[in-house]
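In what follows, every heavy atom counts, from backbone to side chain, and hydrogens, waters and symmetry copies are set aside. Each residue takes its place number in the sequence, starting with 1.
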Amino acid sequence: MNATHSEPAIINRVHPSGGIRLTNAQTGIILVLPALALFAIVILFPLLNSMYMGLLERHLIFGGDEFVWTKNINRILERNFVDLLGTTLRFTVGATLLPFVLGFATALFLNAPIAGRGILRGLFLLPWLVPSVVVSFLWMWIFNANYGVINGVLRSSQLITENINFLGSDTTAMWAVIIAKSWNTFPWIAVMILAGLQTIPSELYEVASIDGANRLQQFWHITVPQLRGVITTVLLLSFIWNFQHFETLYVMTTGSYGTTTFAVAVYQEAFEAFDLGRAGAIGILWMGLLSIVVGIYLYFGMSEDS
C-alpha cells in the first residue's frame, strides 16, 4: 500500500528525459495562457480602448484626440441618458418576460405524456437555430405595412380597413421588436425549464394528489419551488443578453420610433455620427449598468452553490 501511494509523488519529481520539471499548477497556467491571450486581444483590449476613447474628443471626420475626462459622459447624462435607459429597460423587460412565459408554457406542454413528444421537442427548437439577423428580416416582412402577413390577415378578417405601419409607429414598433426577439429565444428557455421539470421526482406530485391538491396547487407549491434555481438563472441570463442586444432592434427599425437602446445608440454615434468620443461615453455608462446586473447574477449563482 505504501509503495502504491508513493508512485504519483515519484512520477511528479522525476522526468524521464531529464528536462524541465513542471508542477501541476505551472502546467495549468501554460495551458490557460493561449485562451487568456486570445481574451486579451479580442475582448479586453477593445473594451479598454473603447473606454479610453470615451474620455477623448475624437471624431472620425473632424479628428482630434483631446483628453476631456468626463465631458462626454456628462453630456450624455444631461442629454439623453434617461431616455436611453428607459428604452433599454422596456425592451429588456419585455424581451425577457414574454419569451419566459412562452417558454414555460411550452416546457409544461412538452413535459406532458403526449404522442410524438420527441418530434415536437425538435420542432420547437427551430426558431432558436435561426440567426437573429434572419429572424429580424423575417419579422420585418411579417410586420410590413404594405404587404405584411399580419396586415393581410387582419384585412381579410375585416378587423381593419387600412394597413397598420407596425414598424413606423412609436406605439407599436417596440412591441414588434419584442415579439420578434421573443420568437427567436423562447425555445432556449423552454429547453432549460423542461430540463428542470424532468428532475422533479414524480412522487411529490403523487403525494400531493393523495393529500387532495389540485393541478394549480401542485404547480405553485411543487413545480415553481423546485424550479426556483432554473427560473432565476434563465431570467437573469436573458436580462443580461437582452440588455446588450443589437441586431433585431437595428435591422427592424434602425433604432427609430422609440427603439434606440444603449446598443443602438453606440452604433449610431460611432458609425453614423462618427463621434467615437460620445460612443465610448455611452459604452462606459452602459457597461457600468450591465456590471450591476452581472453582479446580481453572480450573487445569486453563489447563493445557489452554497
Side-chain angles (χ1 to χ4, degrees), residues 76 79-109 120 123-190 235 238-239 241-274 282 286:
I76 298 299
R79 182 181 167 190
N80 58 345
F81 175 77
V82 175
D83 293 335
L84 286 175
L85 179 60
T87 303
T88 304
L89 287 178
R90 282 197 299 273
F91 171 76
T92 303
V93 172
T96 299
L97 294 182
L98 180 56
F100 175 77
V101 173
L102 294 175
F104 208 127
T106 303
L108 293 174
F109 171 71
L120 289 174
L123 292 175
F124 271 106
L125 283 176
L126 290 178
W128 185 32
L129 302 177
V130 182
S132 296
V133 175
V134 178
V135 170
S136 303
F137 280 110
L138 171 66
W139 282 91
M140 277 181 64
W141 172 68
I142 293 174
F143 283 116
N144 189 274
N146 298 317
Y147 49 82
V149 175
I150 294 181
N151 276 312
V153 171
L154 293 176
R155 293 197 67 162
S156 62
S157 303
Q158 297 183 347
L159 295 176
I160 60 174
T161 57
E162 295 182 357
N163 287 354
I164 301 173
N165 189 5
F166 291 102
L167 299 177
S169 171
D170 292 337
T171 58
T172 56
M174 179 61 79
W175 281 109
V177 173
I178 289 174
I179 290 171
K181 184 67 171 63
S182 300
W183 183 84
N184 188 208
T185 56
F186 89 89
W188 171 79
I189 297 176
L235 287 176
S238 297
F239 191 93
W241 293 337
N242 291 324
F243 198 82
Q244 52 187 330
H245 186 71
F246 169 77
E247 307 96 279
T248 306
L249 288 156
Y250 191 80
V251 171
M252 292 184 67
T253 65
T254 65
S256 305
Y257 305 105
T259 60
T260 304
T261 62
F262 281 112
V264 176
V266 169
Y267 181 87
Q268 290 175 337
E269 292 290 350
F271 302 107
E272 293 180 5
F274 305 109
I282 296 174
W286 180 25

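- Atoms CD1 and CD1, from I76 and I282 in turn, are 4.0 Å apart once rounded to the nearest 0.5 Å.
- Summarising the geometry, atom CD1 belonging to I150 is positioned 6.5 Å from atom CD1 belonging to I179; distances are rounded to the nearest 0.5 Å.
- Nearest heavy atoms, N163 versus A145: ND2-O, 2.8 Å.
- Nearest heavy atom pair, residue N151 against residue F143, reads ND2-O, 4.4 Å.
- Annotation: side chain of S132 is in contact with side chain of N184 (closest heavy-atom distance under 4.5 Å).
- In this structure, the separation between CD1 on I164 and CG on N144 is 13.0 Å, given to the nearest 0.5 Å.
- In this pair, F243 and F262 present their aromatic rings tilted. The plane angle is within the 30 to 60° band.
- Ring pair F100/F104 is perpendicular by interplanar angle, where above 60° counts as perpendicular and below 30° as parallel.
- Summarising the geometry of W128 relative to P187, their closest heavy-atom pair is CB-CB, 3.7 Å, with the distance given to 0.1 Å.
- Atom OG1 of T254 sits about 10.5 Å away from atom CG of L249, to the nearest 0.5 Å.
- Within a 6.0 Å sphere centred on CH2 of W175, other residues, nucleotides and ligands contribute 12 heavy atoms or fewer.
- Within 6.0 Å of OH in Y257 there are 12 or fewer heavy atoms belonging to other residues, nucleotides or ligands.
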Stepwise side-chain contact (heavy atoms from CB on, under 4.5 Å) test for W139 and T248 | CA-CA 9 Å; W139 282 91; T248 306; over 6 Å; no
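- Here F137 contributes atom CZ and I142 contributes atom CD1; the two are 14.0 Å apart, rounded to the nearest 0.5 Å.
- The shortest heavy-atom contact between P99 and F186 is O-CB, 3.6 Å.
- Put simply, the side chain of Y250 does not reach to within 4.5 Å of the side chain of S136, judged on heavy atoms.
- For T161, there are no side-chain hydrogen bond (donor to acceptor under 3.5 Å, both in side chains) partners at least two apart in sequence or on another chain.
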Give every donor-acceptor pair under 3.5 Å between a side-chain atom in residues 89-96 and any protein atom, sequence neighbours left out.
unit_1 : atom_1 : unit_2 : atom_2 : d
R90    : NH2    : T87    : OG1    : 3.2
T92    : OG1    : T88    : O      : 2.6
T96    : OG1    : T92    : O      : 2.6
T96    : OG1    : N242   : ND2    : 3.0

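- Side-chain atoms of V130 and L126, non-hydrogen and from C-beta on, never get closer than 4.5 Å to each other.
- Residues T260 and Q268 come closest through the heavy atom pair CG2-OE1, 3.6 Å.
- When the side-chain hydrogen bond (donor to acceptor under 3.5 Å, both in side chains) test is applied to R79, no partner is found at least two apart in sequence or on another chain.
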Could you walk me through whether T185 and S238 pass the side-chain contact (heavy atoms from CB on, under 4.5 Å) check?
-> CA-CA 9 Å; T185 56; S238 297; over 6 Å; no
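- The main-chain N or O of S256 is found under 3.5 Å from a side-chain atom of T259 such that the two form a donor-acceptor pair.
- When all heavy atoms of A265 and L84 are compared, the pair lying nearest together is CB-CD2, 3.6 Å.
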